[in-house]
Amino acid sequence: MLDVALISHLPNFADFSRVELEDFIRQASARRVEKNTHFFSEGETASSFYLLLDGYIRVVRISPSGEQIIVRYIASHELFGIAAAIGRDTYPANAVAAVDCVALAWPMSLWPDTVKRFPSFANSASATLGNRLMDVQDRVIELATEQVEHRVAAALLKLLEQAGKETEEGILIDIPLTRQDVSDMSGTTLHTVSRLLSSWEQSGLVKSSRKKVIITDKVKLTNLYNR
DNA sequence: TCATTAATTGCCC
DNA sequence: GGGCAATTAATGA
């Protein structure tokens, strides 16, 4: 039996009564997904919507030429797979666990009624979609106008926002992240990312090792990006 | 220890 | 900047 405490503190559920929340969570099922396996794939019938409780998810699309593009990462407490909210009956992208993940899943058939009954739920879903739309727009502009250095810096700063964790050395991006991953996010190659990270490491902006990036000077990295 | 996967670097376009 | 290859490093079975 799932506990309402898992979600009761989230703004999505602000106007659910205790009973309504209990009823809602009774209809959820917990889904554990191992690192590097799919929650769902692009084009699949969207039978559930999800709330990520723990972990990080990569949203991935495959370009016509077969290259993988990381569209974004999803962090804990975000809704995902909300195809119904944008009037689709299939998922628009692949959702892959970047680490071992736990999420709650509800049947998509509950979506319309839930949105109707609970403004807090509807509003936070809209906000989530709105934020993602803004991110996409930012990235379109970046890809069209910015230098590679700026795009890579922007990708790292975005991840920092979502998955930053304070450590003694700096702020760690708390997701296993290869050079390839970073290049799949910023439209460049792993070689260029490797070279950039090496030079940034020399000038003290970041520290990186295998699947790990720590930002040691966020201000300088941000300035680099704003130039 | 071995096989696999990731990262770095140099050379060339 | 990207593509490629050679090499080295880290990791996990």
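Being a predicted model, the structure only gives us computed values, none of them experimental. Quick note on labels: first sequence line is chain A, next is B, and so on, each numbered from 1.
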S.K.: Answer yes or no: does a side-chain N or O of A:Ser194 lie under 4.0 Å from OP1 or OP2 of B:dT8?
M.R.: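 Answer is yes, contact under 4.0 Å.
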S.K.: Take the protein atom CD of A:Gln180 and the nucleotide atom C1' of B:dT8, then report the distance between them rounded to whole Å.
M.R.: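 Rounded to whole Å, this separation is 15 Å.
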S.K.: Here's a test of your reading of the structure: between A:Arg195 and A:Thr178, which maps to the more 5' nucleotide of DNA chain B?
M.R.: A:Thr178
S.K.: Could you give the CD-to-P distance, from A:Glu67 to C:dG2, as a whole number of Å?
M.R.: 12 Å
S.K.: With no angle test and no hydrogens, is the base of B:dT5 tied to the side chain of A:Arg210 by a donor-acceptor pair under 3.5 Å?
M.R.: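 Yes, a donor-acceptor pair under 3.5 Å.
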S.K.: Tell me the interatomic distance from A:Leu177, atom CG, to B:dA7, atom P, rounded to whole angstroms.
M.R.: 9 Å
S.K.: Considering only side-chain heavy atoms of A:Thr188, which listed nucleotide, B:dT8, C:dG2, C:dG1, is closest?
M.R.: C:dG2
S.K.: Looking at every strand, decide which applies to A:Gln147 at a 4.0 Å heavy-atom threshold: base, sugar-phosphate, or nothing.
M.R.: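 Counting heavy atoms under 4.0 Å across all strands, the contact made by A:Gln147 is with sugar-phosphate only.
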S.K.: Using whole Å, what does the distance between atom P of nucleotide B:dT5 and atom NZ of A:Lys211 come to?
M.R.: 10 Å
S.K.: So, the side chain of A:Thr45 versus the backbone of A:Ser47: is there a donor-acceptor pair under 3.5 Å, distance only?
M.R.: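 Looks like no, no N/O pair under 3.5 Å.
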S.K.: Is atom CZ of A:Arg32 surrounded by more than 12 heavy atoms (other residues, nucleotides or ligands) closer than 6.0 Å?
M.R.: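 Incorrect, the count does not exceed 12.
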S.K.: Mind calculating the distance between CD (A:Glu201) and C1' (B:dT9) to the nearest angstrom?
M.R.: 15 Å
S.K.: Please check if the number of heavy atoms outside A:Lys158 that lie under 6.0 Å from its NZ is greater than 12.
M.R.: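 Count over threshold, so yes.
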S.K.: Checking contacts here: which listed nucleotide (C:dG1, B:dA7, C:dG3) is nearest the side-chain heavy atoms of A:Thr189?
M.R.: C:dG3
S.K.: Taking CD from A:Glu146 and P from C:dG1, how many angstroms apart are they, rounded to a whole number?
M.R.: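 In whole Å, C:dG1 P lies 11 Å from A:Glu146 CD.
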S.K.: Between A:Arg179 and B:dA7, does any side-chain N or O lie under 4.0 Å from OP1 or OP2?
M.R.: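 Answer is yes, contact under 4.0 Å.
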S.K.: In whole Å, what is the span from the NZ atom of A:Lys35 to the P atom of C:dT11?
M.R.: 11 Å
S.K.: Hey, mind stepping through A:Ser126 and A:Asn123 against side chain to side chain donor-acceptor pair (under 3.5 Å) and telling me if it holds?
M.R.: CA-CA 5 Å; A:Ser126 302; A:Asn123 290 339; 5.3 Å; no
S.K.: Distance check: side-chain N/O of A:Ser198 vs OP1/OP2 of B:dT9, anything under 4.0 Å?
M.R.: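 The answer is yes; a side-chain N or O of A:Ser198 sits under 4.0 Å from OP1 or OP2.
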S.K.: CG of A:Leu197 versus P of B:dA6: gap in Å, rounded?
M.R.: 16 Å
S.K.: Choose from C:dC4, B:dT8, C:dA9 the nucleotide whose nearest atom is closest to any side-chain atom of A:His191.
M.R.: C:dC4
S.K.: Check each of A:Phe80, A:Tyr50, A:Trp111, A:Phe24 against A:Trp106 using the ring-ring contact (aromatic ring centres under 6.0 Å, His included) test, and report the only one that passes.
M.R.: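 Among A:Phe80, A:Tyr50, A:Trp111, A:Phe24, the one meeting ring-ring contact (aromatic ring centres under 6.0 Å, His included) with A:Trp106 is A:Phe24.
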